[in-house]
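Notes to accompany the following structure.
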Amino acid sequence: MSEGKRLVAFPHMGNNWPAFKSLFENAGAEAYVPGKNNARGLECGLKFSPEWICLPFKITIANFIEALDKGVKTIVMASDCGPCRFGFYHAVQEKILKDLGYDVEIKCLLQADLLTFEWADLLQSIRGTRLPLSRFKLLWIARIFFMKLQLIQLAEKLEGKTRPYEVRRGETTKALERCLKMIDEAGTHQQLRGLKHLIKEEFAKVEKAGREKIILKVVLTGEIFVALDCFANQDVKKKLGELGCEVCMGISLYDWVKHKAHVNFHRKYLEYLSKSHRDIGGLQLDIGGEAFWVLGQYIDFSRGGIDGFVHVYPFTCMPEITAKSIITKWYNDGIFDVPPLFLGFDEHAGEAGLMTRLEAYTDLLRTKKKKLINGN
Amino acid sequence: MHTSIKKKQGTIGIPRGLLYYKYFPLWKTFFEKLDYRVVASEKTNAGTLKEGSRYAIDEICIPLKVYYGHVVNLIGKEIDYLFVPRYISTTFGTYMCPKFLGLPDLIRGTINNLPRIIEMEIDLRKKPIFYSMLETGRKLNGSFSQIKSAFEESVKTYQRFRIIMEAGFTFQEAFDSLAKNPAEVLERRPTGNPVKVAVVGHGYNVHDPFVNMGLIKKLEDMKVDAVVLENLPVQIFRQKTKISETLKNYWGNEEEILSGVDYLFKNNLVDGVIFLCSFCCGPDSLIDEIITRDAKTRDIPYICVVMDEHSGQVGVITRVEAFVDMILRRKRSRGIKEAG
């Protein structure tokens with residue numbers, strides 16, 4: 001290329017784009033951030049995807065087609081070693097795109113085990129020059145990436161906490177967008193360190209009503225792409241917030257990356273919880289997706305502190321369905337008493353249907369909580 | 001049923017679903033050598049599916065619903081143990097579908113009043129198969145030497161079973177002939193039908209006549225030779241299939257389908273391929289895409305039949321008939337071209 005910089009695209013997953021952008025830009029490539037996922041893109045993705053593949057495949061391939069039409073030649077896609085379908089994504093997507101006539105190179109970011117440092121090879125290969133990345137530089141890139149992810153996690157957490165109290169609708173969303181912009185613009189770790197307070201201030205500035213109405217506390221968890229991407233889950237987080245629920249995110253990309261780097265001790269605890277409930281069907285090993293930890297979280301949260309548990313997943317997701325079966329049975333048998341709500345998403349979106357379900361769910365939770373407060 | 005003089009230690013129930021269609025001879029021999037009586041559930045029927053759907057959630061795939069039905073069927077019988085294996089990987093570096101990985105947990109977590117579950121964890125990434133069998137045998141109070149001989153015997157039986165299948169028999173025929181004298185069984189069915197079609201897919205779809213609505217039988221009636229994956233030589237399944245430059249297939253079950261189809265395509269052994277898969281099956285949704293593209297480039301007729309509990313027999317038969325007609329016409333026109 002004329003400037004010597006390679007243009008690299010990556011899938012758009014929720015609010016995590018600033019972190020990936022900095023990752024590739026710091027490695028010496030130019031990052032192309034696909035626009036927010038939308039219905040038109042999805043329609044385009046649907047045309048070329050297998051019929052009953054899960055939703056993230058369809059959305060990510062739409063991202064890629066958008067990027068390729070803009071002249072991008074290199075795409076970075078994460079990959080795993082199984083057992084769920086995710087590991088196949090990049091290979092099949094490459095086949096499809098090549099059959100469509102695009103000149104594309106899909107590089108896979110192996111995330112099976114981050115301590116093998118395969119990602120360093122990837123960063124080297126998208127650099128455009130043969131000058132090697134020094135170890136110091138690699139660590140620095142990783143540090144910025146981790147810090148950004150941590151800040152995004154913080155912003156998402158505060159977003160969920162603030163929304164039910166906001167006076168003017170939409171102000172929290174605007175605050176979140178301002179935060180993401182700040183995270184995106186900050187380049188050094190000194191700047192990023194200062195951002196923590198700025199983000200907290202940003203959400204503190206949102207005008208809040210008093211606490212006279214009953215605010216519910218709901219956990220949103222499930223498959224990572226659908227849980228984090230607000231187009232994929234039809235903005236379920238915002239909808240819950242506007243119905244008066246404090247939404248606590250059970251998952252974030254920071255959490256996931258930490259897990260893949262073997263330093264997520266909270267997840268180890270969740271694994272232990274699931275394993276120790278062997279007699280009633282707690283999963284014994286990671287079966288892909290988030291099933292193992294979703295079960296752990298459900299057990300953990302049923303010990304108190306929350307009112308509802310919302311589990312989102314792409315329709316036909318193999319691991320999450322396993323978790324869903326088990327949780328459904330636990331709740332029906334009265335082993336745990338947090339009411340779960342399961343939402344499977346695919347391209348057939350019905351806004352009103354989802355809204356009705358959420359309204360009914362929050363009504364039920366509210367009645368339950370009122371009874372608890374009044375003491376009968 | 002032949003009664004032995006020795007007192008049996010108990011009865012083990014094996015549900016007739018999922019990996020039953022692959023490993024049942026192995027399991028049966030193993031448990032029988034350990035002095036247990038083995039009972040399989042009744043053949044799949046409408047009742048099985050109905051019972052299964054009561055316990056399984058709506059979104060789960062049909063093989064699992066059928067499996068649930070078989071488990072419920074077994075609970076009704078007098079069994080002391082229920083055998084639910086946990087197959088994690090069957091070759092080095094592969095995985096099974098996530099639902100196999102969590103199968104015992106799924107069954108334990110969703111059905112009440114279960115008998116004691118015998119869980120055999122097969123994980124060839126971490127431990128050899130004998131080790132897993134030893135663990136299972138120990139739980140069933142077997143001595144080391146007993147388990148060892150049972151293991152050897154069961155592997156032998158399984159190998160014989162595979163050889164019989166390779167000779168071109170269906171699952172049921174091969175299983176029945178295991179009890180007979182080895183010399184008299186290896187007699188191939190008469191072939192020579194004009195059309196030869198491969199029916200590929202998971203064993204629990206291909207070998208269960210209820211789930212696939214008697215497809216194999218129907219093909220025979222149509223004067224079509226049906227080849228199933230187990231009829232192909234064993235050694236072709238040894239290599240791992242490459243999906244692309246960067247990815248090797250990691251699903252054990254799908255590995256068989258992919259390498260089998262690859263073998264059929266490369267050697268031009270069949271006139272067409274029918275892929276049986278169940279609705280909601282995760283891996284198959286991708287495997288179907290890969291085979292479709294492969295078949296297109298190699299110009300071999302290919303059809304994917306998706307089944308769930310609502311599929312009508314007529315619809316499937318019509319599609320398969322049209323497919324066979326298409327192959328016949330194609331053959332005829334090619335014959336005319338070659339002659340002319």
Side-chain angles (χ1 to χ4, degrees), chain A residues 49-54 57 79-85 87-96 98-99 106-108 110 274-275 277-289 291-292 295 313 315-330 332-333 335 342 344, chain B residues 55-61 64 68 86 88-89 93-112 114 117 119 121 123 125 242-252 254 277 279-290 292-294 296-297 304 306:
Chain A
S49 313
E51 191 183 342
W52 14 286
I53 188 76
C54 38
F57 186 99
S79 168
D80 212 329
C81 63
C84 108
R85 269 178 278 191
F88 264 65
Y89 275 22
H90 70 275
V92 178
Q93 280 169 338
E94 193 175 13
K95 262 190 188 183
I96 292 173
K98 283 206 169 136
D99 277 0
I106 295 196
K107 299 219 175 247
C108 65
L110 276 173
S274 174
K275 274 187 188 170
H277 285 74
R278 186 168 183 271
D279 296 341
I280 52 170
L283 285 173
Q284 296 304 302
L285 71 165
D286 177 14
I287 62 164
F292 199 13
L295 279 188
Y313 56 91
F315 178 60
T316 74
C317 175
M318 303 176 280
E320 303 298 328
I321 283 181
T322 312
K324 175 185 167 181
S325 309
I326 296 170
I327 293 179
T328 312
K329 178 68 173 14
W330 282 352
N332 288 347
D333 279 9
I335 300 174
F342 302 102
Chain B
Y55 287 90
I57 56 163
D58 44 359
E59 271 171 66
I60 232 156
C61 57
L64 259 172
Y68 271 100
R86 188 199 294 275
I88 297 172
S89 76
T94 60
Y95 276 104
M96 302 294 272
C97 155
K99 285 169 192 162
F100 286 101
L101 266 62
L103 190 62
D105 305 326
L106 197 61
I107 296 296
R108 224 184 261 126
T110 41
I111 302 181
N112 288 336
L114 284 170
I117 286 188
E119 203 183 292
E121 193 178 295
D123 189 354
R125 291 173 312 139
K242 261 185 157 182
I243 306 292
S244 77
E245 288 302 310
T246 45
L247 179 75
K248 273 190 187 156
N249 174 36
Y250 54 71
W251 278 316
E254 276 59 30
C277 54
F279 178 69
C280 269
C281 179
D284 279 359
S285 60
L286 285 163
I287 300 303
D288 170 40
E289 183 73 18
I290 292 163
T292 309
R293 280 166 199 274
D294 215 17
K296 218 182 253 171
T297 46
C304 173
V306 184

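Note on naming: letters A, B, ... go to the chains in the order of the sequence lines (proteins, then strands), and numbering restarts at 1 for each one. A quick note: this is a predicted structure, and the numbers were derived from the prediction, not measured.
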So which atom in B:Gly109 and which in A:Lys329 form the shortest heavy-atom distance, rounded to 0.1 Å? O-CG, 2.7 Å

Engaged part of A:Phe292 at the chain B interface, taking heavy atoms whose separation is under 4.5 Å: neither

Under 4.5 Å from any heavy atom of chain B - which part of A:Asp279: backbone

Tell me, for A:Phe342 versus chain B, whether the close heavy atoms (under 4.5 Å) come from the side chain, the backbone, both or neither. neither

Minimal heavy-atom distance between B:Tyr250 and A:Cys84, with the atoms involved, is OH-O, 2.6 Å

Contacting moiety of B:Asp123, where chain A heavy atoms sit under 4.5 Å: neither

What's the separation between atom CE in A:Met318 and atom SG in B:Cys280, rounded to the nearest 0.5 Å? 10.5 Å

Between CG on residue B:Asp105 and NE2 on residue A:His277, distance to nearest 0.5 Å: 13.0 Å

Of the non-hydrogen atoms in A:Arg278 and B:Arg108, which two are nearest, and what is the gap between them? O-CD, 3.3 Å

As an exercise: rank A:Pro83, A:Ser79, A:Pro50 by heavy-atom pairs under 4.5 Å with chain B and give me the winner. A:Pro83

Tightest non-hydrogen contact, residues A:Ile53 and B:Ser285, listed as CD1-OG, 3.9 Å

Give, as side chain, backbone, both or neither, the part of A:His90 having an atom under 4.5 angstrom from any heavy atom of chain B. side chain

Contacting moiety of B:Leu106, where chain A heavy atoms sit under 4.5 Å: both

How long is the straight-line distance from CD1 of B:Ile60 back to OG1 of A:Thr316, given to the nearest 0.5 Å? 12.0 Å

The interface call for A:Glu51 against chain B, heavy-atom contacts under 4.5 Å, is neither

Side chain, backbone, both or neither: which part of B:Asn112 has an atom under 4.5 Å from a heavy atom of chain A? both

So CD of A:Gln284 and CD of B:Glu119: to nearest 0.5 Å the spacing works out to 7.0 Å

Against chain B, label A:Ile280 side chain, backbone, both or neither, depending on which of its atoms sit under 4.5 Å from a heavy atom there. backbone

Bottom line for B:Ile111: the part with an atom under 4.5 Å from chain A's heavy atoms is backbone

Do you know which two heavy atoms are closest between B:Glu59 and A:Lys324, and how far apart they sit? OE2-NZ, 2.8 Å

Counting heavy-atom pairs under 4.5 Å with chain B, the top scorer among A:Cys108, A:Gly288, A:Ser49, A:Pro319 is A:Pro319

In this structure, CG of A:Asp99 is separated from NZ of B:Lys296 (nearest 0.5 Å) by 7.5 Å

So how far is it from B:Leu286 CG to A:Trp52 CH2, rounded to the nearest 0.5 Å? 9.5 Å

Answer with side chain, backbone, both or neither: which region of A:Leu110 has an atom nearer than 4.5 Å to a non-hydrogen atom of chain B? neither

Nearest heavy-atom neighbours spanning B:Leu101 and A:Leu285: O-CD2, 3.5 Å

In terms of ring plane angle, is the pair B:Trp251 and A:Phe88 parallel, tilted or perpendicular, where the classes change at 30° and 60°? parallel

